[in-house]
There are 2 protein chains.
Amino acid sequence: MPNIAPSTSMIQEHLKSLGLTKYECLVYIALLQVDGATATEIHEISGVPRASVYPVLDKLSKNQLVNVTTTSPKRFAATPPEEAIDSLIARITRNSAAVKHELTAIYEERTSMNHAERQEMIWNIHGSDNIGSRAVDLIQSAESSVAILSGTTILTPPIQKAISTLGPEITVEIATAGINARDDIPGNARELKIGIVPYPEKIQGDKHTPCIIIVDRQRVMAFVSDNADIPSALYSESPGFVNLFTGYWGFVKGHAPLP
Amino acid sequence: MPNIAPSTSMIQEHLKSLGLTKYECLVYIALLQVDGATATEIHEISGVPRASVYPVLDKLSKNQLVNVTTTSPKRFAATPPEEAIDSLIARITRNSAAVKHELTAIYEERTSMNHAERQEMIWNIHGSDNIGSRAVDLIQSAESSVAILSGTTILTPPIQKAISTLGPEITVEIATAGINARDDIPGNARELKIGIVPYPEKIQGDKHTPCIIIVDRQRVMAFVSDNADIPSALYSESPGFVNLFTGYWGFVKGHAPLP
DNA sequence: TACCTGTTGTTGTAGTTGTGACAACATTTA
DNA sequence: TAAATGTTGTCACAACTACAACAACAGGTA
């Protein structure tokens, strides 16, 4: 009587995102533990209704997650997880390559149009994961300069890496409080120690000190701590919005003691 | 009035396998074509009921597939397909790494047990994709020898590649009809020209000539063309089953003229 | 016979899809 | 200014679809 209660529901969730249903998960997990079984045995181990086991096994074997014998009654065995999951992922990846191609075709169709409208917009980004990945994208898009007004939590490892892989023709400046010694400043960045970081009231939050990233003096990402549960950030290419922050940056830079 | 009728349902199918619902697909595709729109405009373009647009946009923005403005009314824009799909895949891949770990733990738990039962089994494999990938796995597991009785269609590029990356300590022999010149024999394989390939009646099909792969004289994969729609193959480690084919192979080899 | 396997069809249930209505706000009109 | 009109965002709920669960049955095997 196998017992793996602790995380079996967790595994189900994960396998569902790979395209399996609840029953398919249960049957596959059951088969992993028994080195071959008949449909009825699978039903007993997994708890899946016996009649439902057959179509489930059918689909699993089509996806090469289980193997079937030629005997009567049929016996079934799970393929090793490594192999099975790789096979699932390969299928998904193949799919995605196709759909990526189709979607970009649609997307490119209107790339020629002017996008003045979009440039005047200020966009919201929710969730720290999203904020992080968008910040990395932004930094990697830099062509001439990156300026970062650094609060406490902005220089995460992915962002440090994005900065350090920038070419030497790109100026990277990071303004820090400069009170405590910091080990998170990439080598190709120039640190501006400016004491307590000043910031406009509008951007201030309670929990997080403000962070701003300005790229090529044309694109700005500002971290807005809304005191609520999920963090959010603003992004814009609007000249007015960008000017607000480049001016701010100039002020900070003017008051920073030379290193 | 955008029109991309040809493949829009196809794209839906693909996106669903990445975890999106029908509405989420429609809204995202609609947004790809318009460079920013309000909820009502999205409703008009995509055909999704206006009231349903809001929760859908909410979920899409959580997954960073669309961006939202701070304006009122809110405006929405799609993130470029490349970026969006990469983000979706990254999530799935991360998931799979975790689940792979959990499943292997379960799987390893019974690896110590004897698997005599399994060794006596003959397993079925359905579908040419599955057959191909299993054949590659089988060849890669070789430790001393690989013997292939080659029909017309077995030496696909993936299999050729699997063969050619085997170490020099592994003997690779491929029996061919040897009538026509072939360019699909990897360099590290020894070709046995045996004229018309003989085969037992039981394995013969109408459409495909029979193919057999024997690895380490212990594992056999035989391609069974069942004249039906989907091709299938047998795999076994059963000594009796394997002996059948090693004997067969010995016969073929005995009659092959030395190269 | 009795038992088990594999298949079919029916019913329940959860999640997605679709409709209508409503308060809040902005814009227009008298 | 006040009323009329229109739009946005939200809510509650009906309809539908795919999956889950069960009951019943034909064909084998002992």
Side-chain angles (χ1 to χ4, degrees), chain A residues 8-9 11-31 34 36-63 65-77 121-122 124 126 228 232, chain B residues 8-9 11-31 34 36-63 65-77 121 124 126 232:
Chain A
T8 201
S9 63
I11 299 180
Q12 269 183 46
E13 280 311 307
H14 288 169
L15 280 178
K16 272 188 201 169
S17 77
L18 291 176
L20 301 195
T21 68
K22 185 180 165 192
Y23 279 0
E24 289 161 2
C25 298
L26 289 174
V27 166
Y28 180 69
I29 293 177
L31 274 175
V34 291
T38 66
T40 311
E41 288 166 353
I42 293 171
H43 147 66
E44 287 164 351
I45 301 172
S46 64
V48 173
R50 194 177 65 83
S52 303
V53 162
Y54 293 95
V56 166
L57 281 169
D58 203 47
K59 190 178 160 198
L60 286 177
S61 88
K62 275 196 179 55
N63 289 1
L65 266 74
V66 308
N67 300 313
V68 195
T69 66
T70 54
T71 59
S72 170
K74 294 178 187 171
R75 294 188 75 79
F76 304 84
M121 294 292 168
I122 300 169
N124 260 344
H126 300 288
S232 67
Chain B
T8 200
S9 63
I11 299 180
Q12 268 183 45
E13 280 311 307
H14 288 171
L15 280 178
K16 272 189 200 168
S17 77
L18 291 176
L20 300 195
T21 69
K22 185 178 164 192
Y23 278 1
E24 289 161 2
C25 298
L26 289 174
V27 166
Y28 180 69
I29 293 178
L31 273 175
V34 290
T38 66
T40 313
E41 289 165 354
I42 293 171
H43 146 67
E44 287 163 351
I45 300 172
S46 64
V48 173
R50 195 177 65 85
S52 302
V53 163
Y54 293 95
V56 166
L57 282 169
D58 204 45
K59 190 176 161 202
L60 286 177
S61 89
K62 275 197 179 54
N63 289 1
L65 266 74
V66 307
N67 299 313
V68 195
T69 66
T70 55
T71 59
S72 173
K74 294 179 186 169
R75 295 187 74 81
F76 305 84
M121 293 292 168
N124 260 344
H126 299 286
S232 68

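Residue numbering restarts at 1 for every chain, and letters A, B, ... go by the order of the sequence lines. All of these numbers come straight from a predicted model, not from anything done at the bench.
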Round to the nearest Å and state the distance from [X] atom [atom1] to [N] atom [atom2].
X       : N      : atom1 : atom2 : value
B:Leu57 : D:dT10 : CG    : P     : 11 Å
B:Lys16 : D:dC19 : NZ    : C1'   : 14 Å
A:Lys74 : D:dG27 : NZ    : C1'   : 14 Å
B:Glu44 : D:dT8  : CD    : C1'   : 13 Å
A:Glu41 : C:dC4  : CD    : P     : 12 Å
B:His43 : C:dT19 : NE2   : P     : 10 Å
A:Ile42 : C:dC4  : CD1   : P     : 17 Å

Q. Quick one: does B:Asn67's side chain get under 4.5 Å of B:Phe76's, heavy atoms only?
A. no

Q.
Applying a 4.0 Å non-hydrogen cut-off, can you work out what A:Pro73 is touching in the nucleic acid: base, sugar-phosphate, or nothing?
A.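 Sugar-phosphate contact only.
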
Q. Base, sugar-phosphate, or nothing: which does B:Ser52 touch, judged by heavy atoms less than 4.0 Å apart?
A. base

(Q) To check you understand the geometry: which heavy-atom pair defines the closest contact between A:Tyr28 and A:Leu65, and what is its length? (A) CE1-O, 3.3 Å

Q: Might you work through the salt bridge (charged side-chain N to carboxylate O under 4.0 Å, His left out) test for A:Lys16 and A:Glu24, ending with a clear yes or no?
A: CA-CA 9 Å; A:Lys16 272 188 201 169; A:Glu24 289 161 2; over 6 Å; no

(Q) Is A:Thr40 close enough to C:dT5 that one of its side-chain N or O atoms is under 4.0 Å from OP1 or OP2 there? (A)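 Yes, such a contact exists.
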
Q) So does A:Tyr54 get a side-chain nitrogen or oxygen closer than 4.0 Å to the phosphate oxygens (OP1/OP2) of C:dT7? A)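 No, outside the criterion.
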
Q) Where the side chain of B:Ser61 meets the backbone of B:Val66, is there a donor-acceptor pair that is under 3.5 Å apart? A)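 No, the answer is negative, given that no donor and acceptor are paired below the 3.5 Å cut-off.
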
Q.
Let me spell it out: for each of A:Arg50 and A:Tyr23, pick the nucleotide of DNA chain D with the closest heavy atom. Which residue's pick is nearer the 5' end?
A.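 That would be A:Tyr23.
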
